[in-house]
Protein chains: 2
Amino acid sequence: MSQTKTKLWYLENFNLFKELDMKTVMELSQNSHMSQSRKNQVIFFPESSNDTVYLLKEGKVKISRLSEDGQGVTLQIIGPGEIFGESGLMGQDHHDNMAETIEPAVICAINKVDFMDFLDRTPKLNRAVNQLIGNRIRKIEAHIEDLVFYDSRQRILLFLERHVENFGTYLTDLWEVRPFLTHQEIGEITATSRQTVNQILNDLKRDGIIDFSRQYLWLKDRNRLKSLLPV
Amino acid sequence: MSQTKTKLWYLENFNLFKELDMKTVMELSQNSHMSQSRKNQVIFFPESSNDTVYLLKEGKVKISRLSEDGQGVTLQIIGPGEIFGESGLMGQDHHDNMAETIEPAVICAINKVDFMDFLDRTPKLNRAVNQLIGNRIRKIEAHIEDLVFYDSRQRILLFLERHVENFGTYLTDLWEVRPFLTHQEIGEITATSRQTVNQILNDLKRDGIIDFSRQYLWLKDRNRLKSLLPV
């Protein structure tokens, strides 16, 4: 397949663009740049210029911030079918956050000004983008709620359930997410130390609720996990 | 002034609508309902139907959540010129949050479907709404950062600086926010106990940095407050 055809195929299969007519999708395709990224590749740094919107077709991307002393906090994990770097659409010239792949990814990049032009001309696309942004806000608000209301063990349990809900595949008798994350990464999502993550995951493994490695997370007893979650 | 004329005046002076032509503002006005609210009036409850977008013309509105055991967390304080209840524009049928005035307010309510229709027809308005939502996201992300990176004293200092930045008026030799909040409310914003808020505010008062009552906050030495903030 030519590069253009591949891009077109990806865009056509992107949920966000499902309801657009072929002409608009082709135009988007001509204005976009698709690339494959390795694991742990930085897509944008904080303070960098915010002139591109990214569509994630495959893989996962971590959006994070660093404090002055280098402590990290993961704000969200973006999955296939989602957009990121969308703050440029909302009037921000520079990134506050960092975006980095946490597994090999296929990313489509579209110039912000071009994309805004599509949004202006395509109310349906505009609504779809608004919905994605709305989901984003709800996830971030839930994150705040977790930090305020729950202790580290509860935050890790909630993280596991949501991670499986967002990214899991059901395989006969267990849920699998592949690849899994490092304990450091889970710590940065749940605002917990790596040591605490390690201890809690090992407790859950010993109790037969999960199994895991860097390559996979298996949720073997989802009902039991759910019974442990805060109401 | 007639009710319609008053509404029109309010909408014309609403930042969001500054660039719209008079015809569109009049149409918006005809489709909206303006009301005065007392302090501590609930505008919407969690789980209630999400069919209205609110424009805050005067006063402040607190957006919060309650945990199962009744613990509160304030997600944001909305000020004049901002919209709220906008999650309906982003595909959410029911509210996750609660909105409540924390001082007397003037609020303009517009049916969600009508407002979305205006957005579809008015790219400029759409962009302006997107910018407001972008600011919202940045504030929420900063909130997460605070919870992860800073201790309760630092969170309260940051809250004071931002509260003055967002809502303060400079009066010759000090910054004033009027009315101020209760210690309970500040606790719910900063995820801190009322007792801790009380102690830290009194320390700052004793050191001559602030003065306060329920009616006002005076920031008397903003440079000194800034010097205490985390870098």
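Here is how names work: the chains are called A, B, and so on, in the same order as the sequence lines, proteins then strands, and each is numbered from 1.
- Note on A:Lys60 versus A:Glu185: no salt bridge recorded, every NZ/NE/NH1/NH2 to OD/OE distance being 4.0 Å or above.
- Looking at A:Leu89, the atoms closer than 4.5 Å to chain B (heavy atoms on both sides) all sit in the backbone: N, CA, C or O.
- Figure legend: cation-pi geometry between A:Arg162 and A:Phe159 absent, as NZ or CZ is not positioned both under 6.0 Å from the six-membered ring centre and within 45° of its axis.
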Would you check, one step at a time, whether the test salt bridge (charged side-chain N to carboxylate O under 4.0 Å, His left out) holds for A:Glu145 with A:Arg138? CA-CA 10 Å; A:Glu145 214 176 358; A:Arg138 288 198 279 287; over 6 Å; no
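- Under the ring pair (Phe, Tyr, Trp, His ring centres under 6.0 Å) test applied with A:His95, the options A:Tyr54, A:Phe84, A:Phe44, A:Phe45 reduce to a single match, A:Phe44.
- Chosen from A:Arg65, A:Lys124, A:Glu86, the residue pairing most often with chain B at heavy-atom distances under 4.5 Å is A:Arg65.
- Options B:Leu119, B:Leu132, B:Leu147 differ in how many heavy-atom pairs under 4.5 Å they form with chain A, and the most are formed by B:Leu147.
- Ranking A:Gln76, A:Arg136, A:Met116 against chain B, the residue ahead of the rest is A:Met116, based on heavy-atom pairs under 4.5 Å.
- No part of B:Ile63 comes within reach of chain A, as not one of its non-hydrogen atoms sits under 4.5 angstrom from that chain.
- Between the B:Arg127 side chain and the A:Asp120 main chain, no donor and acceptor come within less than 3.5 Å of each other.
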